[in-house]
Each structure stands twice: as C-alpha cells, then as structure tokens.
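Counting starts at 1 for both ligands and their atoms, following the listed order. For clarity, every value in this text was computed on a predicted model and none was experimentally measured. Computation of the quantities below employed the complete heavy-atom set of this structure, encompassing side-chain atoms and omitting hydrogens, waters and symmetry-equivalent molecules.
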Amino acid sequence: MSDLNDYLVRSAAAISATVERDLTSEMERAASAVVSALSSGKALLICGNGGSASDAIHIAGELVGRFLKERKAYNVIALPANAAVLTAWGNDYGFDTVFSRQVEAHGAAGGVLLAISTSGNSPSILAAAEQARMMDMTVISLTGDTGGKLKPLSDILLNVPSTSTPIIQQGHLCLYHYLCEVVEARLSNG
Ligand SMILES: O=C(CO)[C@@H](O)[C@H](O)[C@H](O)[C@H](O)COP(=O)(O)O
C-alpha cells in the first residue's frame with residue numbers, strides 16, 4: 001500500500017472508531033445547547049489553538065454566514081480570530097488567558113463555549129472552560145481519545161478515539177460540520 005493510501009486508511013479507521021463510540025446522544029445534547037443559546041440571543045464562543053484555531057474560525061464562518069441554507073446570521077464568535085486581543089492580552093498578561101479573557105467579555109449565562117483541543121490539556125483552553133463554567137455557560141468539548149484535563153470541565157464531550165493530533169482534527173471536522181448542519185436546520189425551521 002502506498003504511504004498515501006496507508007494514511008487514508010488510518011484516517012478512515014479513526015472515523016469508524018468514532019462511529020463505534022456512538023456520540024449520538026452527546027451530539028444531540030450539544031446541538032440542543034447551541035440552538036437554545038442562539039435562539040435566546042446568547043453567543044456561541046469557540047476557542048482552539050493551531051489547527052483547532054482554524055477549526056474555530058471555520059465553524060464561525062459556517063454559522064455567521066451560511067452552511068447549507070439561506071437564513072439569518074447567528075451570534076457565533078471565533079476567539080482565535082481577534083489578533084489584536086490575542087497579541088495585546090497575550091503580550092501583557094500571558095497566553096494562557098487569551099481565551100478566558102474573551103469568554104469574560106462575550107459570554108453570558110445560557111451561552112455556549114465550544115472548546116477544541118486534541119490533547120485536552122492546553123492551558124489556554126482549560127482556562128477558557130473554567131471561565132465559562134464560572135459564568136454558567138455550557139461547555140462543549142471536541143477532544144482526542146481521553147479528553148485530557150478538559151473532560152472534567154466539560155458538560156458535553158465529543159472525543160475522537162485517536163492520539164494523533166491531525167487525525168483527531170479530521171474527526172473533529174466531521175463532528176462540527178454535522179453540528180452546523182443540525183443547528184442550522186433547527187434554527188431555520190423554528
Ligand atoms: O494543527 C496542528 C497539528 O495538526 C497543530 O497546529 C496543533 O493544532 C497545535 O500544535 C496545537 O497547539 C495543539 O493543541 P491541542 O490540540 O493539544 O490543544
């Protein structure tokens with residue numbers, strides 16, 4: 001088998017393992033929390049580092065703009081997208097609180113934080129989840145196999161059964177595209 005096909009087989013295996021884990025009920029709870037927040041004027045805030053920062057921005061693009069349907073804009077903010085806040089706060093106070101500071105700014109009780117971390121152990125993500133919990137927000141986490149230190153800070157854990165960062169990220173893409181589809185369908189039919 002070529003290296004490419006081997007990579008594709010390993011990627012598909014992680015998706016199959018996610019099917020076997022059966023995250024159906026967790027995904028239903030996640031979609032309900034997001035629909036409830038957005039329909040009551042609360043924000044969905046999303047954070048992640050590196051590739052997961054790109055994922056956060058990707059999700060905000062789908063939900064502020066459009067995914068599959070023409071409909072109103074939704075109140076969704078990708079916290080890694082604000083370079084001025086990241087650099088000012090990170091430079092002056094340290095990187096670990098760059099997302100928690102923004103949760104404090106934009107979050108509210110009844111809102112949702114979607115925390116994306118393949119390891120589940122990134123300090124900036126843990127601090128954001130702690131801040132969201134303090135503010136009575138729902139914390140939905142996209143992680144790798146164990147959920148790491150983020151698991152006990154999460155109300156809903158969507159964990160892809162792999163320990164490879166890029167392969168976990170590929171699983172996250174499937175999960176959050178599905179979440180966008182369900183949220184958009186429910187909000188635009190409501
Ligand atoms: O995209 C990749 C690897 O695929 C990297 O940029 C990766 O996201 C970074 O190393 C992150 O800092 C990893 O953080 P986390 O997923 O463990 O929270």
(request) Please confirm whether the backbone N or O of G148 pairs with a side-chain atom of N121, one donor and one acceptor, at under 3.5 Å? (result) no

(message) Against the six-membered ring of Y74, is R71 placed for a cation-pi contact (under 6.0 Å from the centre, within 45° of the normal)?
(response) yes

(request) For A43, enumerate each residue passing the side chain to side chain contact (heavy atoms under 4.5 Å, CB included) test, keeping only those at least two apart in sequence or located in another chain. (result) L45, N75

(request) Flag the pair E62 and R66 as a salt bridge only when some basic side-chain nitrogen lies within less than 4.0 angstrom of an acidic carboxylate oxygen. (result) no

(message) My understanding is that only one of V76, I59, L44, V34 makes a side chain to side chain contact (heavy atoms under 4.5 Å, CB included) with V183; could you say which?
(response) V34

Measure from every N or O atom of ligand 1 to the protein's N or O atoms and keep only the pairs below 3.5 Å, writing each with atom names and distance to 0.1 Å.
residue  : atom   : partner : partner atom : Å
ligand 1 : 1 (O)  : G51     : N            : 3.2
ligand 1 : 1 (O)  : Q169    : OE1          : 3.4
ligand 1 : 1 (O)  : Q169    : NE2          : 3.1
ligand 1 : 4 (O)  : Q169    : OE1          : 2.8
ligand 1 : 6 (O)  : G51     : N            : 3.3
ligand 1 : 8 (O)  : N49     : O            : 3.2
ligand 1 : 8 (O)  : G51     : N            : 2.9
ligand 1 : 8 (O)  : Q169    : NE2          : 3.2
ligand 1 : 16 (O) : T118    : N            : 2.7
ligand 1 : 16 (O) : T118    : OG1          : 2.7
ligand 1 : 17 (O) : T118    : OG1          : 3.3
ligand 1 : 17 (O) : S119    : N            : 3.2
ligand 1 : 17 (O) : S119    : OG           : 2.6
ligand 1 : 18 (O) : S117    : OG           : 2.6
ligand 1 : 18 (O) : S122    : OG           : 2.6

(message) Under the side chain to side chain contact (heavy atoms under 4.5 Å, CB included) test against L153, which residue among V139, L126, I125 passes?
(response) L126

